[in-house]
Amino acid sequence: MKAEELLDLAPVVPVVVLDDPDAAVPLARALVAGGLPVIEVTLRTEGALAAIERIAAEVPDAVVGAGTIVQPEDAERSARAGARFLVSPGCTGRLREAMTATALPFLPGVSSASEAMALLEHGVTAMKFFPAEAAGGAPYLKALNGPLPQIRFCPTGGVTQDNATRYLGLPNVGCVGGSWLTPADAVRDGDWDRIEDLARKAAALR
Ligand SMILES: O=C(O)C(=O)C[C@H](O)[C@H](O)COP(=O)(O)O
């Protein structure tokens with residue numbers, strides 16, 4: 001799968017922070033049941049790689065990836081755990097090389113025209129726009145589409161059920177990402193029905 005194709009699999013990519021790897025499988029099943037098969041597990045917790053491993057092994061309909069790829073080593077570690085894509089909040093030359101070396105599709109984070117152009121020089125045309133709302137929101141991305149129509153984005157950061165359509169209506173947006181599908185209290189309480197419901201509403205956004 002190419003990164004461009006990843007952007008078209010689902011309108012919303014849930015960004016998940018998981019403390020307990022035991023929650024990974026029921027959580028992923030709830031998201032898939034609600035219609036959101038692409039799941040980004042952030043490497044912000046100790047259990048993140050174990051969570052990715054479990055989802056990859058036990059939820060065949062999910063497309064699980066690793067988020068918060070910050071160190072070059074994170075890319076290979078995530079690939080070994082079974083991640084099928086990689087997402088980073090920003091990008092450096094070393095990080096791009098490490099993500100490229102895994103042969104997995106990846107969405108490097110950018111928040112400016114220059115950052116996007118630096119990646120474009122290396123043939124990267126699918127990116128995460130982060131932090132989307134704080135960096136200028138949908139008007140900013142709309143403005144980038146004029147000079148840089150070959151780049152498509154997954155805006156993430158401050159995106160919600162209520163503002164997602166502003167992004168999804170843009171020609172250079174494939175999908176959006178966000179943590180609103182998996183509220184911390186719902187994950188802690190194992191309220192998978194609530195998460196499935198949130199996913200279903202988000203899946204209907206497009
Ligand atoms: O962890 C990463 O890799 C990030 O870059 C940040 C996340 O994508 C955002 O924290 C999600 O944003 P919210 O939906 O506003 O919570």
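Remember, it's 1-based here, ligands and their atoms both numbered in the order they're listed.
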Between S88 (side chain only) and G109 (backbone N and O only), is there a donor and an acceptor less than 3.5 Å apart?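 Pair found, side chain donor or acceptor close to backbone of G109.
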Is a side-chain N or O of T160 found less than 3.5 angstrom from the main chain of N163, in a donor-acceptor match?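 Side chain of T160 to backbone of N163: a pair is present.
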Under 4.0 Å between a Lys/Arg side-chain N and an Asp/Glu carboxylate O for D19 and R44?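 Not counted as a salt bridge, because no side-chain N and carboxylate O are separated by less than 4.0 Å.
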Intermediate values then yes/no, side chain to side chain donor-acceptor pair (under 3.5 Å), E133 and Y140: CA-CA 9 Å; E133 281 291 292; Y140 190 98; over 6 Å; no
Return the protein residues near ligand 1 (heavy atom under 4.0 Å from any of its atoms), ordered by chain and residue number.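 T42, R44, T68, P89, K128, F130, T156, G157, G158, G178, S179.
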Starting from the C-alpha separation in whole Å, work towards a yes-or-no answer on side-chain contact (heavy atoms from CB on, under 4.5 Å) for L86 and T102. CA-CA 9 Å; L86 307 172; T102 65; 3.7 Å; yes
Residues which pass salt bridge (charged side-chain N to carboxylate O under 4.0 Å, His left out) with R54, listed by chain and number, not counting sequence neighbours: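 For R54, the residues satisfying salt bridge (charged side-chain N to carboxylate O under 4.0 Å, His left out) (neighbours in sequence not counted) are D22.
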